[in-house]
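Accompanying notes for the structure given below.
Predicted model, so just to flag it, every value in this text is computed and none were measured. Quick note on labels: first sequence line is chain A, next is B, and so on, each numbered from 1. Below, all heavy atoms of this structure are taken into account, side chains as well, without hydrogens, waters or symmetry copies.
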Protein chains: 2
Amino acid sequence: MSMPGLPPTAFALLGLLAFDADSEADSAADSAAGMTGYELKQRADFTLRYYWVSPAMSQIYTELRRLSVEGFVAEQPGDGPTRYRVTPEGREAVERWLFEGEVGFPVLKHPVALRLLMGRLSTPERLQEMLEQHLRDLDARRADLQGVRDMLGDDHQRRYAALVADWGLAYYDSESRIVADLRARLDTMD
Amino acid sequence: MSMPGLPPTAFALLGLLAFDADSEADSAADSAAGMTGYELKQRADFTLRYYWVSPAMSQIYTELRRLSVEGFVAEQPGDGPTRYRVTPEGREAVERWLFEGEVGFPVLKHPVALRLLMGRLSTPERLQEMLEQHLRDLDARRADLQGVRDMLGDDHQRRYAALVADWGLAYYDSESRIVADLRARLDTMD
DNA sequence: ACCGCATATTCCGATTAGGAACATTCCTAC
DNA sequence: GTAGGAATGTTCCTAATCGGAATATGCGGT
């Protein structure tokens, strides 16, 4: 019950497992219950990476073991790979976590902004190039996320995921606009 | 010369030191040259935290020692605290780093989006509350950054810092707008 | 039978995070 | 002046996290 100890990533994984359990409840005849660590990694790379981090494999398994100790997930070592399911306690724990304690402010690690900050030590041409590249990266990332958004469709089960995907898309659009403006300002700066 | 080894934070600090050196060159009669680790921490908390991380003290001193080994900063152990200055090699290293290699895409750790993603496990009321709190946090953060921006003024030396600060302000504004829209959509969702 | 690819898990070293702990100096109210 | 507290300056420790190499094990195709 040592709530404070679990890192957000643990709850994120727990959330994915809860989601998976709910989905499988519908498409009943689905072979095995729960997910393997590998599958969780896939899922995390697909959805989580846009708003959180894409956890390393090592971390996935670390968190799974920890969640298992807490009784929030149940391991099912069949003949094949180990499958993990959320327990009722686990589900309760995520729900509690969702509205408990400090949510905290987003942390941004923005290598482009960091370099622009030291613009004096570079040249306008190089900075323009860097921003142009950033715009291309933004386009690519936006396209990826749009793919995710399309896949979510208007399925009621996934409406929150869709909401957050739209948030992300709007963010990328806004960032592109801002960077375009910056490029214009850079031109008239020196 | 082991360039690849140095983490971005090291270059960020090196950049701050370079900036400091340039500033002191103007206001000549400034007592001691260079900065102490403590001062660097302050400076980092003031400017770097908006686009990068606010490095822990331990990390500041770790990086300083590493930079010293590389010959990118010079330690000056006077009678008081140790002061650090960029060396010409250090300055060269930042400049090289600025246009060399992969810049990389920003990484966002967004606890609010993460929780909204699991909205199914919460209630609309709680989610609204969370988003409202996020809007308040955004306002506060924006105000802080505006303070930084005001301090930068239109000093030619600091024009890039000002540019990046404006970027940040535009980002906060956009995020606020997006979240307000999300709140409206949430109301009509269930 | 063999190749290659996706799956599945463990392990390791290096970084990073986040402060506690510890001095020292500086300022300010009494 | 001086006692107490705030700011300065540095080290140290523990945990978390990263990032991928290493290692299996199936499974499908030829």
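The CD1 atom of A:Ile60 sits 15 Å away from the P atom of D:dG20 (whole-angstrom rounding). Note: CD (A:Glu63) to C1' (D:dT17) measures 9 Å, nearest angstrom. B:Met57 has its CE atom 13 Å from the P atom of D:dG9, to the nearest Å. Atom C1' of nucleotide D:dA16 and atom CG of A:Leu6 are separated by 13 Å, given to the nearest angstrom. In this entry the distance linking CD of B:Glu39 with P of D:dA7 reads 15 Å, nearest Å. For B:Glu75 and D:dG9, the CD to P distance is 15 Å, given to the nearest whole Å. Between B:Leu67 atom CG and C:dT15 atom P there is a gap of 13 Å when expressed in whole angstrom units. Atom-to-atom, CG of A:Leu64 to C1' of D:dT17 comes out at 16 Å; the value is rounded to the nearest Å.
We find that A:Arg43 and A:Glu39 are not joined by a salt bridge, their nearest charged nitrogen and carboxylate oxygen being 4.0 Å or further apart. Between A:Arg136 and A:Glu132 there is a salt bridge, with a side-chain nitrogen of the basic residue lying less than 4.0 Å from a carboxylate oxygen of the acidic one. Classification of A:Asp155 and A:Arg158 as a salt-bridged pair holds, one side-chain N sitting under 4.0 Å from a carboxylate O. Look at B:Glu63 and B:Arg66 and you find a salt bridge, because one of the NZ, NE, NH1 or NH2 atoms lies within 4.0 Å of a carboxylate O, short of that distance.
Interatomic distance, OG of B:Ser23 versus CD of B:Gln157, reported as 5.5 Å (0.5 Å rounding). A distance of 13.5 Å separates OH of B:Tyr50 from OH of B:Tyr171, quoted to the nearest 0.5 Å.
Between A:Tyr61 and the phosphate of C:dT10, there is no side-chain N or O to OP1/OP2 separation shorter than 4.0 Å. At least one side-chain nitrogen or oxygen of A:Arg66 sits closer than 4.0 Å to the OP1 or OP2 atom of D:dA16. In this model, the phosphate group of D:dG9 is approached by a side-chain N or O of B:Thr36 to a distance below 4.0 Å at OP1 or OP2. In terms of phosphate contacts, A:Arg65 brings a side-chain nitrogen or oxygen within less than 4.0 Å of OP1 or OP2 of C:dT10. Listed pair B:Tyr38 / D:dT8 meets the phosphate criterion, a side-chain N or O lying under 4.0 Å from OP1 or OP2.
Residue-to-nucleotide contacts include no donor-acceptor pair under 3.5 Å from the side chain of B:Thr82 to the base of D:dG9.
When distances run from any side-chain atom of A:Pro81 to the nucleotides C:dC11, C:dA8, D:dG9, the shortest one goes to C:dA8. Of all nucleotides listed (C:dT7, C:dT16, C:dT9), C:dT7 comes nearest to the side chain of A:Gln42. For B:Ala56, the side-chain atoms get nearest to C:dG18 when compared with the rest of C:dT9, C:dG18, D:dT10. Candidate nucleotides C:dT16, C:dC11, C:dT9 were compared by shortest atom distance to the side chain of B:Pro7, and C:dT16 ranks first. Across C:dG18, D:dC18, C:dT16, the shortest atom-to-atom separation from the side chain of A:Gln59 is found for D:dC18.
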Would you be so kind as to tabulate the donor-acceptor pairs closer than 3.5 Å made by side chains of residues 163-170 of chain A, with sequence neighbours excluded?
from: A:Asp166; atom 1: OD1; to: A:Arg149; atom 2: NE; distance (Å): 2.9
from: A:Asp166; atom 1: OD2; to: A:Arg149; atom 2: NE; distance (Å): 3.4
from: A:Asp166; atom 1: OD2; to: B:Arg185; atom 2: NH1; distance (Å): 2.9
from: A:Asp166; atom 1: OD2; to: B:Arg185; atom 2: NH2; distance (Å): 3.1
from: A:Trp167; atom 1: NE1; to: B:Glu175; atom 2: OE1; distance (Å): 3.3

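Other residues, nucleotides and ligands place no more than 12 heavy atoms under 6.0 Å from the CG atom of B:Asp154.
Taking every heavy atom of residues 44-53 of chain A and every atom of DNA chain C, no pair lies under 4.0 Å.
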